[in-house]
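Counting starts at 1 for both ligands and their atoms, following the listed order.
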Amino acid sequence: MRAENPVFFLDYDGTLAPIAQRPEEAFPHPEAPRVLRALMERHPVYVVTGRRVRGLEPLLPLPGLPVVGGHGLEEGVLFGEVRPLFPVDLGPLRARLPSCPGVRVEDKGFALALHYRGAEDEEKARACLEAWLKAVEGLLEALGLEALPGKKVLELKPKGVDKGQAVLRLLGRHPDHTPVYIGDDTTDEAAFLALRGRGLTFKVGEGPTAAQGRLKDVEEVLAYLQTYLRPTSL
Ligand SMILES: O=P(O)(O)OC[C@H]1O[C@H](O[C@H]2O[C@H](CO)[C@@H](O)[C@H](O)[C@H]2O)[C@H](O)[C@@H](O)[C@@H]1O
């Protein structure tokens, strides 16, 4: 399945980079920088990630690559300007962080990611986070925040901002293009739903999804993207 005149929306973790034990160790597939550079010369390309835009720079050395960070909370280009899109105050939540053994806090400024990957007992850490979530329900409501579960992570971020909304905003800038969205996580489902009937969507890996197609792993993602680098037959 290949789109004519595509605009690419690519998730990072689990899509361009295999999942790693810690966020800072999630290096892209060795082919990813070359393929992305070549794609960018031919078509519009955006990375749509839950990470901070700046957080991608040490991993993906592609100056000028457009990135939507924080599931739509900020937008910019790698090694260039980045602008926040929504106001957020996480101060009161920072004062109520959970004390769950093995849970690591990634403070992105506009969102908190509570990671339990690698905890000695991941299930216990997840259950502890659930209990904490119940305890801070009222505070989240008052701050206009919501919890977004991802791969062994629970993210607290402003309500109503998601990759679906982000991708529709970006697509508005490319009205004559066909969106191709590839992602692996539950957080990508909002984009799959938003793009229903408008382009091509691919879920990476197993699990229920609203995407139309499936790619087995990061290796298959790169192989698929490379099909857009071959000359088309006349
Ligand atoms: O939207 P994405 O590009 O998929 O980013 C989602 C989150 O990715 C990172 O966490 C995930 O990947 C880590 C590295 O592989 C892994 O250790 C962790 O368990 C995953 O949840 C990142 O740290 C988060 O900020 C992103 O929101």
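Sorted by first and then second residue, the salt bridge (Lys or Arg N to Asp or Glu O under 4.0 Å) pairs involving residues 43-57 (not counting sequence neighbours) are D13-R51, R54-E57. The stretch residues 30-50 participates, sequence neighbours left out, in these ring pair (Phe, Tyr, Trp, His ring centres under 6.0 Å) pairs: F8-H43, F9-Y46, Y46-H174.
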For residues 69-78, which side-chain donor-acceptor pairs fall under 3.5 Å, sequence neighbours excluded?
{"from": "H71", "atom 1": "NE2", "to": "E155", "atom 2": "OE2", "distance (Å)": "3.2"}
{"from": "E74", "atom 1": "OE2", "to": "V53", "atom 2": "N", "distance (Å)": "2.6"}
{"from": "E75", "atom 1": "OE1", "to": "R173", "atom 2": "NH2", "distance (Å)": "3.0"}
{"from": "E75", "atom 1": "OE2", "to": "R173", "atom 2": "NH1", "distance (Å)": "2.7"}
{"from": "E75", "atom 1": "OE2", "to": "R173", "atom 2": "NH2", "distance (Å)": "3.1"}

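No more than 12 heavy atoms of other residues, nucleotides or ligands lie within 6.0 Å of CZ in R196, so this atom counts as exposed by the packing criterion. Environment of CZ in R169: crowded, with over 12 heavy atoms of neighbouring residues, nucleotides or ligands closer than 6.0 Å.
Near ligand 1, residues D11, Y12, D13, I19, A20, Q21, R22, P23, A26, T49, G50, R51, H71, E106, K108, H115, R117, K151, V153, E155, K163 come within 4.0 angstrom through at least one heavy atom.
E4 and T178 share no donor-acceptor pair across their side chains, judged by distance under 3.5 Å alone.
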